[in-house]
> 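Supplied in structure tokens, the structure appears directly below.
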Amino acid sequence: MLIYIVEDDTDIRELESYALKNSGYDVQSFAESKSFFKACLTQVPHLIILDVMLPDYDGLSVLDKLRKDASTKSVPVILVTAKGSEMDKVKGLDMGADDYITKPFSVLELISRVRAILRRCSFDNKQETISLGGIVFDDSKHIVTSDGEQCNLTYKEYELLKYLLKNKGMALTRENIILNVWGYDFEGESRTVDMHITTLRQKLGNCGNLIKTVRNVGYKAGE
């Protein structure tokens, strides 16, 4: 599998590259975003390790661009940041990052995160259309409509709806939703899920009532 590293610190970039190559991955590394985006046009990687602080372009802006491009919107991204506040991590995850790792970190932690993400993510591109009432979720086109009107969802709202619809009729705990939508080690409070459910319902309009609250458990899509 091919992994791209975008990191301006030479020592960290070389350490990441060496560790991943020794673990059997194909690796290309970049010190700035321009050469990285150029490489993506030639070959899309299976995973991207992205530093938040880059010399030419903010890492979160790079992430936003990746998620808006059809060719890279589904590529898993691990953010690397020196920032330790919860809000910085939440912002990155809400913008579409699959995981984060905070400097300084060990080589073993990096490899563990990479393996976990690659296990969790599918690269077979088998897409499907899921319907529930007036909601139509077309994953192949990355489009969601509610009563025929297209919904403008954020990346995490989209992934949240996808998870609910793939398990429609099943009561899902907040912890289970966090595990599958935000990442296996995300430590945000359950109110993060509640906030995203609220905005998702609003954007679905009249179909928002299809997302049910299950008392003392969590949420489910449909009856």
Side-chain angles (χ1 to χ4, degrees), residues 1 3 23 46-50 52 60 63 66-67 72-81 83-102 105-106 108-128 130 132 135 137 139 142 144 151 153-201 203-204 208 210-223:
M1 288 186 173
I3 297 175
S23 296
H46 293 98
L47 182 142
I48 297 165
I49 298 174
L50 175 63
V52 170
L60 293 179
L63 176 63
L66 289 169
R67 291 299 175 239
T72 57
K73 64 179 172 52
S74 298
V75 178
V77 175
I78 298 177
L79 286 181
V80 178
T81 176
K83 298 178 181 179
S85 76
E86 181 181 335
M87 288 308 300
D88 288 324
K89 296 169 184 176
V90 170
K91 184 177 180 181
L93 292 167
D94 282 349
M95 288 180 66
D98 296 86
D99 196 5
Y100 61 85
I101 186 169
T102 305
F105 54 86
S106 70
L108 290 178
E109 181 183 7
L110 173 67
I111 299 302
S112 176
R113 299 292 185 99
V114 167
R115 287 174 176 165
I117 290 292
L118 291 176
R119 280 197 304 266
R120 196 168 79 225
C121 297
S122 171
F123 301 108
D124 59 9
N125 293 321
K126 291 181 180 178
Q127 307 293 349
E128 59 182 323
I130 309 173
L132 176 66
I135 301 172
F137 185 98
D139 206 19
H142 207 76
V144 175
C151 301
L153 304 182
T154 66
Y155 180 81
K156 284 302 176 187
E157 289 167 353
Y158 180 91
E159 292 297 313
L160 173 58
L161 180 60
K162 181 178 180 179
Y163 183 63
L164 289 168
L165 290 177
K166 283 194 169 184
N167 296 278
K168 56 185 177 181
M170 293 179 58
L172 304 169
T173 65
R174 290 173 176 83
E175 291 75 16
N176 194 263
I177 292 171
I178 287 174
L179 179 69
N180 287 275
V181 177
W182 273 266
Y184 68 99
D185 68 340
F186 178 59
E187 298 177 350
E189 298 178 12
S190 60
R191 59 189 168 87
T192 299
V193 176
D194 298 333
M195 291 169 58
H196 279 76
I197 289 288
T198 298
T199 59
L200 179 58
R201 283 171 170 162
K203 292 183 180 182
L204 290 172
L210 293 171
I211 308 300
K212 308 290 186 180
T213 299
V214 183
R215 190 175 179 182
N216 298 325
V217 179
Y219 299 96
K220 69 176 180 178
E223 299 298 335

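Scope of the values below: all heavy atoms of this structure, side chains included, with no hydrogens, waters or symmetry mates.
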> Is Leu160 close to Leu153 at the side-chain level, that is, under 4.5 Å between some pair of heavy atoms?
no
> Ignoring hydrogens, what is the shortest heavy-atom contact between Leu132 and Leu210? Give both atom names and the distance.
O-CD1, 3.4 Å
> Between CE of Met195 and CD1 of Ile197, what distance do you get to the nearest 0.5 Å?
12.5 Å
> Less than 3.5 Å apart, which donor and acceptor atoms pair up between the side chains of residues 213-223 and the rest of the protein, not counting sequence neighbours?
{"residue": "Thr213", "atom": "OG1", "partner": "Arg201", "partner atom": "NH2", "Å": "2.8"}
{"residue": "Tyr219", "atom": "OH", "partner": "Asp194", "partner atom": "OD1", "Å": "2.6"}
{"residue": "Glu223", "atom": "OE2", "partner": "Lys212", "partner atom": "NZ", "Å": "3.4"}

> Going through the distances and angles, do Ile49 and Ile101 end up as a side-chain contact (heavy atoms from CB on, under 4.5 Å)?
CA-CA 10 Å; Ile49 298 174; Ile101 186 169; 5.8 Å; no
> Roughly how far, to the nearest 0.5 Å, is the NZ atom of Lys156 from the OG1 atom of Thr154?
9.0 Å
> Measuring from atom CD1 of Ile130 to atom CD1 of Ile135, what distance do you get when rounded to the nearest 0.5 angstrom?
10.5 Å
> Do the charged groups of Arg67 and Asp94 touch, with an N to O distance under 4.0 Å?
no
> Excluding sequence neighbours, so at least two apart, what forms side chain to side chain contact (heavy atoms under 4.5 Å, CB included) with Thr198?
Gln202
> What pairs with Tyr158 under ring-ring contact (aromatic ring centres under 6.0 Å, His included), at least two apart in sequence or on another chain?
Phe137, His142
> Give me the atom names and distance for the closest heavy-atom approach of Leu63 to Ala97.
CD2-N, 3.7 Å
> Which pair of non-hydrogen atoms, one from Pro76 and one from Asp98, has the smallest distance, and what is that distance?
CA-OD1, 3.0 Å
> Are Val52 and Tyr100 side-chain neighbours, meaning at least one heavy-atom pair lies under 4.5 Å?
no
> Applying side chain to side chain contact (heavy atoms under 4.5 Å, CB included), can you list everything that pairs with Tyr163, at least two apart in sequence or on another chain?
Asn167, Leu172, Asn176, Ile177, Asn180, Val181
> Side chains of Met1 and Leu47: does their closest heavy-atom pair fall under 4.5 Å?
no
> List for me each residue that meets salt bridge (charged side-chain N to carboxylate O under 4.0 Å, His left out) alongside Glu157, sequence neighbours excluded, and say none if there are none.
Lys203
> About how many Å separate NE2 of His196 and CG of Leu161, when rounded to the nearest 0.5 Å?
12.5 Å
> Would you say the side chain of Leu93 lies within less than 4.5 Å of the side chain of Thr192, judging by non-hydrogen atoms?
no
> Let's go through Ile78 and Leu110 carefully: what are the C-alpha distance in whole Å and the side-chain angles of both, what is the deciding distance for side-chain contact (heavy atoms from CB on, under 4.5 Å) to 0.1 Å, and is it a yes or a no?
CA-CA 10 Å; Ile78 298 177; Leu110 173 67; 5.6 Å; no
> Might you point out which heavy atoms bring Leu79 and Gly92 nearest each other, and give the distance in Å?
CD1-CA, 3.7 Å
